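To start, the structure under review is shown below, and the notes come after it.
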2 protein chains.
Amino acid sequence: MTSAVTTIKDVAALAGVSPATASRVLSGNPATSKESRERVVAAASELDFHPNAQARALRSTRTNVIGLLLSDVRNPFFADLAHAAEQAALAEGFVTLLGNANENMEQQDRYLDTFISQRVDGVIAAPQGEGSSSLQSLLDRGVPTVFVDRTVDGINVPSVTTDSARGIRQAVEHLLGQGHTRVGYIAGPQTTSTGRERLRSFSAAAQEAGLSTDPDLTYFGDFRSASGSAGAQQLLALPEPPTALLAADSPMAVGALATLNSMGIRIGQDMAVIAFDDIEWFSLLETPLTVISNDVEAMGRASVRLLLDVIGGGRPESIVLPSELIVRASSAGPHH
Amino acid sequence: MTSAVTTIKDVAALAGVSPATASRVLSGNPATSKESRERVVAAASELDFHPNAQARALRSTRTNVIGLLLSDVRNPFFADLAHAAEQAALAEGFVTLLGNANENMEQQDRYLDTFISQRVDGVIAAPQGEGSSSLQSLLDRGVPTVFVDRTVDGINVPSVTTDSARGIRQAVEHLLGQGHTRVGYIAGPQTTSTGRERLRSFSAAAQEAGLSTDPDLTYFGDFRSASGSAGAQQLLALPEPPTALLAADSPMAVGALATLNSMGIRIGQDMAVIAFDDIEWFSLLETPLTVISNDVEAMGRASVRLLLDVIGGGRPESIVLPSELIVRASSAGPHH
DNA sequence: CGATCCCATGGAATCGATTCCACGAAGATG
DNA sequence: CATCTTCGTGGAATCGATTCCATGGGATCG
């Protein structure tokens, strides 16, 4: 390990040109001769030169880093989203700083502050809450930002979201068609736009379809599996329990399934179950799960595309992707 | 949006001190008076000052960024690992650059080069392959590095791995006890240390236990679910098919399960199945899945702990975590 | 053939923090 | 009361790239 780090000066010296020329060659500036291009490239590879990204960013005010703020990569939905976004970013020459907010406001703000300090070129966020001062700082500084999956009321940045109303309406109508009238809803946290929108859509659809609007049929979870278990337990303990359950995301659905299994309640027979988000293995369950699916891959790619547009100075329109009910065996009629 | 960015000079001016003093206060240098501390902190908050991480890193040669190189976050094992590592790093004041290598050598090298350029303070990698020149560059430069889950032969860096031999031996003995003698093995890619070690352990255990060592009973997959499906198909098409399957990771197990389901083969009755890695919902399947489990959370945390030790100049011992068979219903005896 | 333009180039300033060094004031010691 | 520390401070150098600006040589044009 040679203690001295190789800098662009070393490369320039070896190539017999000035640092300015070496820099031009290495950063693709066209104002260079073929001769110096060859010499510099050879020298750089000879010295195994890796330009210092900090120095470069300091002067040029571009970092080629984007910040990706999610709730939790352990949720398959976000894992897919993270993978799609990261791969799309990489293809455009960006690397990804990952932040898991864990549905926690403080951690979200901590990451947003870090993104500001890191001077990331842009941020893709699945935000939560309302009055985040860090989010406001980010926008005040003009850091290019797009929302993905979720939005924040009153903050106008381009977003890629899912139209959950459509899938939820289909689900409600499907359940009604199967003879269900009391449907338990395991809601997401009302601090997220998706949590709110899905609950609103469900309530509206339930009312229109003539399902019971008993408020006890709604349980407020937090998008994590433990709350799905708790929700299922509470709903089943009602004097007049539901005959069907709809969970607002897949971890809560998993939690609910675990509860049902452990109570010996047969899914699709004693209890219909529908989950939001289609996860690969949901179709492998004893009773394949009926789901409201959306295209996560497309969402991840679209968010990067939008962000690049914003970075480039554009003002792209927000994108709303469709959701759709996929009927499998878990949503059969009530047991008689 | 004021066009001028606020720098530490602005903070210093507002606080009535020099930039040097402001810097000392903001970076926690104890050589500061209470008075200037208060004034600087107040000024910084008043101006919503976020120090430029690039400038700081350039001078101080510390970035407070670590690079995390994984195969694919969509694999729940790596998602759990990423989450644990990222949270542990955050608690120590580090943010995480995420790289998905996708079991692809070029992409791995691309990320390692990026990590070098970004001058990350350390790298946690689940590597693959052998003669990666980028990996060699990383180590030649003395970038603190630890391996997690996987290692590279001939490269001596601290690592956190799983002793898969133990769990595999238990699985083989368990299957033998259930009367199985032909066990199909869906192996991981032999370009990874885990792929090799698990195959070696399985072969050794199978031989010792007296199971069939027919080479056709081994299918070489790539740790992705499609190869699990293909593997199950090929193994079942043998003239003398196995009565049990062991998959070297969870996505391949999922693929195999999908194939078995679609062929109408009943898991735990017509075919025993055991998977490596315990995923939350494996116990929710029609036939809860017998697995070889390991503590991913602990692995993630340990890798950060080791890395911090290396960054601090230590030479920590590698850690090997145990694996253990968890018997559920999917591994019953062969059907008669 | 002289004036003009273009293009590759090098020198030097610059980005925004940290840190070395020197300095003066205050407190400790004999 | 003189000397020696200790401590907080500011000025200036520094990290390693990019980029502005000036320059000289060759091609182009009238």
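Owing to the predicted nature of the structure, the values given are computational and were not obtained by experimental measurement. Values below: all heavy atoms of this structure, side chains included; hydrogens, waters and symmetry mates excluded. Below, chains carry the letters A, B, ... as their sequence lines are ordered, and counting in each starts from 1.
The residues A:Arg110 and A:Glu106 are annotated as not salt-bridged, no charged nitrogen and carboxylate oxygen being separated by less than 4.0 angstrom.
You can see that DNA chain D meets the heavy atoms of chain A within a 4.0 Å-exclusive cut from D:dG16 to D:dC20, reading 5' to 3'.
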In a table with atom names and distances, give each donor-acceptor pair under 3.5 Å that connects a side chain of residues 20-32 of chain B to protein atoms at least two apart or in another chain.
residue	atom	partner	partner atom	Å
B:Thr21	OG1	B:Ser18	OG	3.4
B:Ser27	OG	B:Ser23	O	2.7
B:Asn29	OD1	B:Ala31	N	2.9
B:Thr32	OG1	B:Asn29	O	3.4
B:Thr32	OG1	B:Arg37	NE	3.2

Compile the donor-acceptor pairs under 3.5 Å between side chains in residues 89-102 of chain A and protein atoms, sequence neighbours left out, one pair per line.
residue	atom	partner	partner atom	Å
A:Asn102	OD1	B:His83	NE2	2.9
A:Asn102	ND2	A:Gln107	OE1	3.3
A:Asn102	ND2	B:Gln87	OE1	3.0

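Of the possible polar contacts, one joining the A:Asp121 side chain to the A:Asn64 backbone as a donor-acceptor pair under 3.5 Å is found. Distance alone, capped at 3.5 Å, is enough to place a donor-acceptor pair between the A:Ser318 side chain and the A:Ser159 backbone.
Considering only heavy atoms from C-beta on, B:Thr7 stays 4.5 Å or farther from B:Asn52 through its side chain. Counting only heavy atoms from C-beta outward, the side chains of B:Gln136 and B:Ile155 approach each other to under 4.5 Å. Side-chain contact between B:Val296 and B:Phe77: present, with at least one pair of heavy atoms (C-beta onward) separated by less than 4.5 Å.
Interface residues of residues 45-61 of chain B facing DNA chain D, ordered by number: B:Leu58, B:Arg59; criterion, heavy-atom separation under 4.0 Å. Within residues 20-40 of chain A, the residues that have a heavy atom under 4.0 Å from DNA chain D are, in order of number, A:Ala20, A:Ser23, A:Arg24, A:Ser27.
Atom OG1 in A:Thr114 sits 9.5 Å away from atom NE2 in B:His50 (nearest 0.5 Å).
Under the side chain to side chain donor-acceptor pair (under 3.5 Å) criterion, the residue pairs touching residues 143-157 of chain B are B:Glu103-B:Arg150, with sequence neighbours excluded.
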